[in-house]
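First comes the structure, then the notes that go with it.
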Amino acid sequence: MTRKLNLALLVACNTFFSPLVMAQQSVAAGPIVVQGAMPVEAERFAQRLDNPRETQIGGWRFWHGTVDGYPVVVSETLKGISNAAAATAIAATQFHPVAIINQGTAGGHDPALKVYDIVLGKYSVSLGAFKTPKKAAGEGSDSRQWQPMDLLASKGSAGEDKNAHTIRQFPADAKLLALAEGVKGSYTQGKVVEGVIGSADVWNSELDRIDYFHANYHTSVEEMETASAAQIAAAFNIPFVGIRVLSNNMTNQGKYDPQTGLACQDYVYQVVKAYIAQNAPR
């Protein structure tokens with residue numbers, strides 16, 4: 001009886017650790033999540049999924065499907081910091097992703113970049129957390145005198161904590177960034193560079209303010225989601241990278257082109273395929 005029991009346990013262990021079962025467990029670990037704020041930044045990718053199905057969680061849409069047999073979820077985060085944070089938290093808790101890619105359009109801060117150029121976010125930063133200097137009534141306002149606040153620096157008042165007056169950088173996952181770099185040869189509509197993505201619920205059209213951000217915080221582009229999504233992904237310890245295409249650039253008269261959002265999704269599709277080729281079980 002003991003011999004039969006031992007044999008049964010051995011067969012069970014061999015089955016549990018067989019390549020097929022291990023492959024199934026690896027896939028079951030979670031999908032890649034691709035985020036886009038607006039329909040023009042999400043629906044094209046969703047249409048490229050195999051066997052897609054759409055679900056709604058609160059105010060946010062998600063499409064579940066596969067790319068090359070690997071699970072992928074496309075998330076329409078909606079615009080802005082709060083929406084992006086909420087959508088990322090939902091994705092983290094509901095789908096347990098192995099990676100998150102936030103992508104879409106952005107306005108240029110770097111005069112060397114043109115419409116359709118793509119920025120791989122080596123870092124993302126918040127451009128919406130600042131403390132103003134004290135000024136009496138009638139003294140006016142100058143945003144270039146504002147100090148950044150790192151809201152994660154301490155549990156006390158960020159405005160009173162002198163150590164919090166630096167800008168928080170959210171780094172991209174090194175492996176995801178390398179994969180994104182690795183496919184840039186396939187992109188023919190512009191150049192692909194590493195840079196800093198700035199995010200805030202603000203649309204900056206003052207060239208002096210844009211130049212200030214570029215000079216002091218090395219921002220390449222600005223938009224309204226990446227840094228927020230990066231912050232939440234980091235809280236859940238999920239690998240993250242932001243990828244943004246220039247839809248316009250006021251610093252060099254680059255006119256707005258909404259079709260850039262489609263180009264970015266096509267590029268990110270190649271990044272996802274590269275991830276799958278490197279990480280999917282054989």
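All of these numbers come straight from a predicted model, not from anything done at the bench. Side chains included, hydrogens not; waters and symmetry mates left out as well; all remaining heavy atoms used.
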Do [X] and [Y] sit within salt-bridge range, that is, some charged N less than 4.0 Å from a carboxylate O?
X    : Y    : answer
D266 : R48  : yes
D142 : R144 : yes
E194 : K184 : no
K79  : E225 : no

Self-check item: Stepwise ring-ring contact (aromatic ring centres under 6.0 Å, His included) check, H218 with Y123
Solution: CA-CA 10 Å; H218 312 294; Y123 298 99; 9.9 Å; no
Self-check item: Inter- and intrachain pairs under ring-ring contact (aromatic ring centres under 6.0 Å, His included), touching residues 159-187, at least two apart
Solution: Y187-Y267
Using modelled atom types only, decide if a donor and an acceptor are shared between the side chain of [X] and the backbone of [Y] within a distance under 3.5 Å.
X    : Y    : value
Q147 : K131 : no
T132 : W146 : no
D117 : V245 : no

Self-check item: Between E41 and T105: side-chain donor-acceptor atoms closer than 3.5 Å
Solution: yes
Self-check item: Verify same cluster id: V193, I118 (apolar side-chain graph, 4.5 Å)
Solution: no
Self-check item: Cluster check I238, W60: I/L/V/M/F/W/Y, side chain < 4.5 angstrom
Solution: yes
Quiz item: Rounded to the nearest 0.5 Å, how far apart are CZ of F236 and CD1 of I232?
Solution: 7.0 Å
Quiz prompt | Apart from I81 itself, residues in the same hydrophobic cluster as defined by side-chain heavy atoms under 4.5 Å | solution = none
Quiz item: How about Q145: does its CD atom have over 12 heavy atoms from other parts shown lying under 6.0 Å from it?
Solution: yes
Quiz item: Of T66, V271, D68, which is the lone residue that meets side-chain contact (heavy atoms from CB on, under 4.5 Å) with I276?
Solution: D68
